[in-house]
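Read the structure below first, then the notes.
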Amino acid sequence: DAGVIQSPRHEVTEMGQEVTLRCKPISGHDYLFWYRQTMMRGLELLIYFNNNVPIDDSGMPEDRFSAKMPNASFSTLKIQPSEPRDSAVYFCASSSTGTGGPYEQYFGPGTRLTVT
Amino acid sequence: DQQVKQNSPSLSVQEGRISILNCDYTNSMFDYFLWYKKYPAEGPTFLISISSIKDKNEDGRFTVFLNKSAKHLSLHIVPSQPGDSAVYFCAARAGGFKTIFGAGTRLFVKA
């Protein structure tokens, strides 16, 4: 299995532009998570989905952020308009309830976003 | 409101010695605790976990201890190896799948 795939790996954009981050979870996983990592706040959960349905979006910082999961193999995190304070590494992770156990999450390599 | 706290930003240990990474939490409803390891330019990877009904879980060189009364857990790595140098995140869940992560502790293992 290829693991969780994220694209792009790096994104540099100007303030005010729309940014779309993409994620392909591990096949068969029924949970998908979006996280943001910054020096100040560490690893924050933004939103997570179960079977493509958003379950908890309380971590989404403001209305400029939106996330979708149109099918089991694809999710997007969109920022519109982007601001310099959105600069961070964004991780996607997936998990499965099918195997029992701790239901650990499998993370993608992250997208490093820089907004100038 | 940090429910999971890792108060040591970094830790330096000599190769072969024990590394002890600490984590404190405030939410008594947490029922599962996990440790993740992260190398630069990679996503975190799962290392070891412990249920709240246990006080110890061991996997090879890695052991996690849970003290519920103190709301404290620790990760012990024995013996430490240079390849263990990474950022270690403590994480916790209170039922469901919502996972709260600590800020991480950077471990340096010196050869």
Side-chain angles (χ1 to χ4, degrees), chain A residues 2-10 21 23-26 29-51 53-60 88-112, chain B residues 1-10 21 23-25 27 30-54 56-59 62 64 66 73 75 86-106:
Chain A
V4 176
I5 299 172
Q6 291 187 248
S7 64
R9 292 294 308 273
H10 302 273
L21 310 181
C23 175
K24 177 179 169 55
I26 292 173
H29 281 194
D30 50 352
Y31 278 83
L32 183 138
F33 307 81
W34 282 100
Y35 291 89
R36 176 172 68 176
Q37 184 186 17
T38 61
M39 290 294 292
M40 294 295 293
R41 302 175 68 88
L43 199 59
E44 304 173 86
L45 176 64
L46 301 177
I47 184 172
Y48 74 96
F49 296 82
N50 176 219
N51 291 324
V53 177
I55 303 301
D56 187 336
D57 66 354
S58 59
M60 296 287 261
V89 180
Y90 291 80
F91 290 102
C92 175
S94 68
S95 184
S96 171
T97 55
T99 56
Y103 306 131
E104 69 271 23
Q105 295 174 24
Y106 294 79
F107 284 76
T111 295
R112 181 173 295 278
Chain B
D1 176 23
Q2 282 189 301
Q3 298 186 59
V4 178
K5 302 178 185 180
Q6 295 178 258
N7 293 318
S8 298
S10 65
L21 296 97
C23 179
D24 297 296
Y25 62 96
N27 189 344
F30 286 144
D31 61 354
Y32 230 105
F33 302 90
L34 307 94
W35 285 92
Y36 287 80
K37 179 169 71 174
K38 183 184 180 305
Y39 292 118
E42 296 182 9
T45 56
F46 171 71
L47 188 58
I48 192 170
S49 65
I50 188 167
S51 163
S52 62
I53 63 173
K54 297 185 176 181
K56 176 182 175 181
N57 188 27
E58 189 172 355
D59 184 1
F62 303 91
V64 56
L66 175 62
L73 64 156
L75 174 67
V87 176
Y88 289 78
F89 289 98
C90 172
R93 293 201 306 257
F97 274 71
K98 183 171 184 175
T99 304
I100 308 299
F101 282 78
T105 296
R106 185 176 297 275

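First the proteins, then the strands, lettered A, B, ... as listed; each starts at 1.
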side-chain contact (heavy atoms from CB on, under 4.5 Å) for A:Q105 and B:F46? Distances and angles first, verdict last. CA-CA 7 Å; A:Q105 295 174 24; B:F46 171 71; over 6 Å; no
[X] [atom1] to [Y] [atom2] distance, which is reported to the nearest 0.5 Å:
X: B:K38; Y: A:L43; atom1: NZ; atom2: CG; answer: 9.0 Å
X: A:F33; Y: B:T99; atom1: CZ; atom2: OG1; answer: 5.5 Å
X: A:Q37; Y: B:F89; atom1: CD; atom2: CZ; answer: 4.5 Å
X: A:E104; Y: B:I48; atom1: CD; atom2: CD1; answer: 12.0 Å

Counting only non-hydrogen atoms closer than 4.5 Å, does [X] touch chain B with its backbone (N, CA, C, O), its side chain (CB onward), both, or neither?
X: A:Y106; answer: neither
X: A:S58; answer: side chain
X: A:L45; answer: side chain

Inter- and intrachain pairs under side chain to side chain donor-acceptor pair (under 3.5 Å), touching residues 39-53 of chain B, at least two apart: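 Every pair satisfying side chain to side chain donor-acceptor pair (under 3.5 Å) with a residue in residues 39-53 of chain B: B:K37-B:Y39.
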Any heavy-atom pair between the side chains of B:P44 and A:Y35 that's under 4.5 Å?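 Counting from C-beta outward, A:Y35 and B:P44 never come under 4.5 Å.
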Using modelled atom types only, decide if a donor and an acceptor are shared between the side chain of A:R9 and the backbone of B:A41 within a distance under 3.5 Å.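 Between the backbone of B:A41 and the side chain of A:R9 there is a qualifying donor-acceptor contact (under 3.5 Å).
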May I ask you to check whether A:Y103 and B:Y32 place their ring centres under 6.0 Å from each other? no
Does the ring center of A:F107 lie less than 6.0 Å from the ring center of B:Y36?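 Yes, close enough.
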Could you label the plane-to-plane angle of the A:Y31 and B:F97 rings as parallel, tilted or perpendicular, counting under 30° as parallel and over 60° as perpendicular? parallel
With a 4.5 angstrom heavy-atom cut-off, which part of B:F33 approaches chain A: side chain, backbone, both or neither? neither
